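Each remark here refers to the structure printed beneath this line.
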Amino acid sequence: MRSFIAADFPQEILQKIYKITNYLKTQTPPRSVKWVDSKNLHLTVKFMGDLPEEKLSAAQPLIQDALEGIAPFTFSVEGLGMFPNPGYPRVIWLGIQGGEPLVAIHKSLEQTLTDIGIKRDKRNFHPHLTLGRVRRNVPRDEIEAIGETLSQFRVGSLGSAMINQITLYESELTRQGPIYKSRFVVTLHQV
């Protein structure tokens with residue numbers, strides 16, 4: 001089962017993100033970007049990939065252990081960016097300010113989950129919220145134009161999110177898009 005660990009956003013921030021995404025859709029060529037459906041917006045802390053059921057079950061107590069003693073925290077959503085860079089964007093994202101606790105959670109999960117053979121990420125973890133991905137078949141000049149266009153926009157603070165739980169999700173890929181199902185929730189609290 002394809003799975004990931006994530007933090008969810010409050011509804012008021014999701015509504016603002018929905019409006020931003022709808023506007024950005026009007027600024028990019030049709031069908032050039034696969035935009036994330038607003039009901040699927042979340043901040044991935046650790047992508048685990050395809051796991052058999054027994055590994056997914058074994059991961060749950062490890063996730064609980066990795067998050068032990070981590071207190072609820074707040075971060076804000078602001079800034080528009082692109083990976084790998086604005087000159088050749090593949091991923092369009094919103095930034096996270098005050099995401100240090102997310103980096104700590106990611107590091108703890110990386111260390112703990114290697115016990116059941118889940119590989120560490122090859123890249124450094126940078127907390128962000130993916131809005132869309134440029135499709136693979138888009139010509140290079142169109143990709144560059146998307147980067148140039150989106151670089152003109154600034155996104156101020158959309159508000160703060162209080163994170164008091166982290167969720168393990170299953171992800172089923174369908175023709176209509178992914179379907180996420182909450183598998184396990186850890187409530188954060190200080191020891």
Side-chain angles (χ1 to χ4, degrees), residues 1-51 75-99 102-103 106 119-161 163 166-182:
M1 182 65 64
R2 189 173 164 88
S3 58
F4 60 92
I5 301 166
D8 294 314
F9 291 91
Q11 197 59 42
E12 57 272 10
I13 291 179
L14 289 175
Q15 289 171 349
K16 292 175 185 177
I17 294 169
Y18 176 76
K19 289 178 182 176
I20 289 168
T21 302
N22 279 344
Y23 178 74
L24 294 178
K25 284 179 185 178
T26 68
Q27 303 302 304
T28 56
R31 293 178 300 284
S32 62
V33 178
K34 171 73 171 130
W35 297 99
V36 176
D37 189 319
S38 60
K39 74 179 185 300
N40 288 336
L41 285 172
H42 60 269
L43 197 152
T44 300
V45 181
K46 172 71 179 151
F47 180 73
M48 299 195 313
D50 290 318
L51 298 178
F75 61 78
S76 64
V77 179
E78 63 183 89
L80 180 67
M82 292 160 265
F83 290 139
N85 60 62
Y88 193 74
R90 300 307 301 179
V91 176
I92 301 158
W93 50 265
L94 290 175
I96 302 298
Q97 302 299 315
L102 292 163
V103 174
H106 175 80
K119 292 181 179 8
R120 291 177 183 261
D121 293 336
K122 291 179 176 143
R123 297 183 186 135
N124 289 334
F125 176 68
H126 297 284
H128 65 279
L129 175 64
T130 299
L131 293 181
R133 291 177 176 82
V134 177
R135 295 182 189 271
R136 294 192 187 277
N137 61 347
V138 175
R140 183 174 186 91
D141 61 332
E142 199 170 299
I143 294 171
E144 291 169 354
I146 290 169
E148 187 176 320
T149 299
L150 296 183
S151 291
Q152 298 173 35
F153 299 104
R154 301 287 174 256
V155 176
S157 178
L158 302 182
S160 295
I163 303 301
I166 301 292
T167 305
L168 169 61
Y169 282 101
E170 294 178 2
S171 173
E172 179 186 350
L173 300 178
T174 70
R175 284 189 173 282
Q176 293 75 34
I179 298 171
Y180 300 148
K181 178 182 167 193
S182 172

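Just so it is clear, the model here is predicted, and its values are computed rather than measured.
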[X] and [Y]: which non-hydrogen atoms are nearest, and at how many Å?
X      : Y      : result
Arg135 : Arg90  : O-NH2, 3.3 Å
Leu43  : Phe125 : CD2-CZ, 4.5 Å
Ala7   : Ile166 : CB-CD1, 4.1 Å
Trp93  : His128 : CB-CD2, 3.7 Å
Leu173 : Pro178 : CD2-CB, 3.9 Å
Gln97  : Phe75  : O-CB, 3.2 Å

Nearest 0.5 angstrom please: [X] [atom1] to [Y] [atom2], how far?
X      : Y      : atom1 : atom2 : result
Asn40  : Thr130 : CG    : OG1   : 12.0 Å
Gln15  : Phe9   : CD    : CZ    : 14.0 Å
Thr21  : Leu129 : OG1   : CG    : 8.0 Å
Asp50  : Ser171 : CG    : OG    : 9.0 Å
Tyr169 : Asp8   : OH    : CG    : 3.0 Å
Ile20  : Tyr23  : CD1   : OH    : 11.5 Å

Query raised in the report: Is the shortest heavy-atom distance from the side chain of Val103 to the side chain of Pro127 under 4.5 Å?
Result: yes

Query - Test item: Leu51 and Met1 side chains (from C-beta on) under 4.5 Å apart, heavy atoms - result: no

**Report entry** Pair listing, salt bridge (charged side-chain N to carboxylate O under 4.0 Å, His left out) test, anchored in residues 170-179, at least two apart
**Finding:**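 For residues 170-179: Glu170-Arg183.
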
Report summary line: In Ile143, Val134, Ile146, the residue satisfying side chain to side chain contact (heavy atoms under 4.5 Å, CB included) with Ser32 is Ile146

**Report entry** Neighbour count above 12 (heavy atom, 6.0 Å) for Tyr18 OH
**Finding:**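 Result for OH/Tyr18: open.
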
**Report entry** Other residues, nucleotides, ligands: >12 heavy atoms within 6.0 Å of Lys25 NZ
**Finding:**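 Enclosed.
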
Query raised in the report: Using 30° and 60° as the class limits, which term best fits the ring planes of His126 and Phe83: parallel, tilted or perpendicular?
Result: tilted

Query raised in the report: For residues 143-154, which residue pairs qualify under side-chain hydrogen bond (donor to acceptor under 3.5 Å, both in side chains), counting only residues two or more places apart or in two chains?
Result: Arg140-Glu144

Query - Verdict with supporting geometry, Asp121 and Lys46, side-chain contact (heavy atoms from CB on, under 4.5 Å) - result: CA-CA 8 Å; Asp121 293 336; Lys46 172 71 179 151; 3.2 Å; yes

Query raised in the report: Are Leu24 and Thr28 close enough, and set up right, to give a side-chain contact (heavy atoms from CB on, under 4.5 Å), and what steps lead you there?
Result: CA-CA 7 Å; Leu24 294 178; Thr28 56; 5.6 Å; no

Report task. Decide yes or no on side-chain contact (heavy atoms from CB on, under 4.5 Å) for Ile5 and Leu168, but give the supporting numbers first. Result -> CA-CA 4 Å; Ile5 301 166; Leu168 169 61; 4.0 Å; yes

